[in-house]
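Owing to the predicted nature of the structure, the values given are computational and were not obtained by experimental measurement. Letters A, B, ... are given to chains in the order of the sequence lines, protein chains preceding strands, and every chain is numbered from 1.
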Amino acid sequence: MHTQTYTATHLGDAPVVIDIKGLNKWYGQFHVLKDINMQVRKQEKVVICGPSGSGKSTLIRTINRLEEHQEGVITVEGTPLTNDVRHIERIRREVGMVFQQFNLFPHLTILENVTAGPIHVRKMPRKEAEAIAYTYLERVGIGEQARKFPGQLSGGQQQRVAIARALAMQPKVMLFDEPTSALDPEMIKEVLDVMRELADQGMTMICVTHEMGFAREVADTMVFMDKGQIVEYATAEEFFTAPREERCRMFLDQILNH
Amino acid sequence: MVHDIPDRLPPAATVGVWGWIRANLLCPWYNALLTAGSLYLIWRAVVPFWNWAVVNASISLDPAVAKQHSGAAWGFLREMWPVFMTGIYPAEERWRPLLALCLVLVMVGLTLLRPLRRATWLRAAWLATHLLVFAIIRGGGFTGLPAVGTHYWGGLMLTILLASVAMIAAFPISILLALGRTSNMPIARPFCVAYIELIRGVPLITILFMASVVLPLFLPSNMELDKLLRAMVGITMFFSAYLAENIRGGLQGLSRGQYEAADALGMSYWQKIRVVILPQALRIVIPPMVNNFIGILKDTSLVGIVGLVDLLQIAFATTSNPKWFGRLEEAYVFIAFWYWVLCFGLSSYSQHLERKIPSAGK
């Protein structure tokens, strides 16, 4: 078992926001995550890629306990992720998540989708929550559609609302789980633009994505996973120009030259 | 260069009244046969009924006059309809159920007013209304009205009371049962499964017998539970099991993503259920749920076997009265009409709700 902890030394001494130590996870007999040791620092942009089934989505879903892990310690903003519901809820308040399938609440308007978290979880007065919601909806370019229902919006618009919904909780970290994989090609750019802007503003982000152009432009750190383990961990520069691992080179070759 | 083709009207034979008749009633040839056959059957059913109910009917309050007509004796209902409404509830106190009905109707009207719908005081008023309806009809105690024991309650009033108490009480119970059954809780889950499967495996009649005959055997002899209360508890227990299974269907009809999105926002279990899950799950199950409510309403007629005099029992009671002996047809038509009005009302309201509440994918 190798004990090297991957951490972004190139970011200097930025504080560690997420600390993952000796993480192992199984689905029944199947070992999906193997000895993950990794840190994410404040304002770091991490892009995780790898073939399907490599465990990359599972990895980010363990960070906010959408998936339970069996071994190892995950610490988010100093809070250890244990079975204690209070710890889990505190971490979830600080970690925003954007899903592949958007997962907006179809029975609520766009505005209600975005205010649900602040009102119910943060106990914010409705007026204040709506003001914040409008700020973020404007930022993702959906301000005009606040009274509509999710079903009346295009996929790209829905995903931008989902980003605004996560941001309205004012999280410290954002997790993106293949945010553009369910979108029609002409809508991918509008979502990536919002994510780029968010990165420019200094949000700490972990993105699982196949959008290598976006990754090259935005990522501080690239993580390549295969069969449940971290195979390559590098700066974006190293990763795209001189990947060390053969598996990683083959993967890049396949998705860049299709 | 391609020129735009100008719009044309559709062929005349496919539109308008004639187009509709052609398409739905006459074409192809076997549809024409079906149409003719159906018209014949309707004719055979409607004409005799019309003759009985109108042409040969009498409206005299005198049974002797009614006997000279071969048709319906509507005088029977003219005289007896208050009994159908409230059973053997004392005639001079009948204004009290009427007052209770007016109270409920006023509350329904207030609730339908859009600006009031979310008002907190209205919810409190509804809670008070339930108690007030009971107090007005029951009397005694602080009301200063003469007490009318539940064994005097009957007719349509009893049917509506039984059905609405069962609906109102079974609804929250069934939500808890459904949540328990879909949860991973080590004790609650098996308990909910056992309750639902046990109750669903037994006919309502059996439960009513249990509640009225067997239950008192386990109670101390000086403790007497009200017969109506026992029937209400039995019906509520029975329907909460059925309703729970419908609601479970709604809970399982939601995608995992909805639960995960609520979790990811940091919502607690009950916030997730209240804000995200139940509104959607209940919207999905409006049709089967109303089906269930209609079932409750009609199945309350089984309380006759434990000695309560509901709308159906009134039909038997009034027609064994020597004065109007055997006028069962009139009584059946009358109670069928009331059951139909109530059930159709429920069903129309559910369709209105389905149209009004946005659902996933619309």
Side-chain angles (χ1 to χ4, degrees), chain A residues 57 60-61 63-68 76 79 85-109 112-123 126 148-152 158 161-162 165-171 173-177 182, chain B residues 114-115 117-120 175 178-179 182-188 246-247 249-287 289 350 352-362:
Chain A
S57 284
I60 67 167
R61 285 161 60 86
I63 294 173
N64 64 351
R65 209 21 105 82
L66 292 186
E67 302 282 353
E68 205 170 329
V76 181
T79 307
V85 179
R86 282 166 304 173
H87 286 181
I88 296 174
E89 286 177 5
R90 190 187 310 160
I91 287 175
R92 284 173 173 168
R93 284 198 293 269
E94 304 307 330
V95 177
M97 188 162 201
V98 176
F99 299 87
Q100 183 178 351
Q101 301 293 343
F102 330 138
N103 294 345
L104 293 181
F105 305 132
H107 63 299
L108 300 178
T109 63
E112 288 167 336
N113 264 275
V114 181
T115 54
I119 289 175
H120 296 288
V121 180
R122 293 251 190 244
K123 309 289 177 208
R126 179 174 296 273
K148 290 191 180 168
F149 285 93
Q152 297 166 292
Q158 289 192 48
V161 172
R165 176 175 71 178
L167 290 176
M169 283 294 286
Q170 299 173 312
V173 185
M174 286 284 286
L175 307 176
F176 291 87
D177 189 2
Chain B
R114 197 162 272 282
R117 195 165 299 159
R118 282 166 193 271
T120 321
I175 287 176
L179 288 175
T182 51
S183 76
N184 298 318
M185 288 181 279
I187 296 166
N246 282 337
I247 293 174
L251 292 174
Q252 290 174 339
L254 294 186
S255 76
R256 256 176 69 99
Q258 291 294 310
Y259 292 84
E260 290 182 349
D263 284 339
L265 285 173
M267 288 189 181
S268 68
Y269 176 78
W270 288 110
Q271 283 171 340
K272 174 172 68 177
I273 294 301
R274 188 167 53 84
V275 179
V276 177
I277 303 305
L278 272 187
Q280 295 187 67
L282 294 181
R283 164 65 183 79
I284 299 174
V285 298
I286 288 174
M289 213 157 61
S350 90
H352 165 76
L353 275 184
E354 272 182 75
R355 278 193 304 270
K356 204 185 66 173
I357 305 174
S359 75
K362 276 187 188 166

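- Of the two parts of A/Phe105, the backbone and the side chain both hold a non-hydrogen atom closer than 4.5 Å to a non-hydrogen atom of chain B.
- Considering CZ of B/Arg256 and CD of A/Gln101, their distance stands at 13.0 Å, rounded to 0.5 Å.
- Heavy-atom pairs under 4.5 Å with chain B were tallied for A/His120, A/Arg93, A/Arg65; the largest tally goes to A/His120.
- With hydrogens and angles disregarded, a donor-acceptor distance shorter than 3.5 Å links the side chain of A/His107 to the backbone of B/Val275.
- In this structure, the portions of A/Arg165 lying under 4.5 Å from any heavy atom of chain B include both its backbone and its side chain.
- Your options are B/Ala262, B/Ser255, B/Ala264, and the one with the most heavy-atom pairs under 4.5 Å with chain A is B/Ala264.
- Contact of the A/Met97 side chain with the B/Glu260 side chain is not registered, since no non-hydrogen atoms from C-beta on lie closer than 4.5 Å.
- Annotation for B/Met267 and A/Val121: closest pair CG-CG2, 3.6 Å, computed over non-hydrogen atoms.
- Rounding to the nearest 0.5 Å places CG of B/Asp263 at 4.0 Å from CZ of A/Arg92.
- Neither the backbone nor the side chain of A/Leu175 has a heavy atom closer than 4.5 Å to any heavy atom of chain B.
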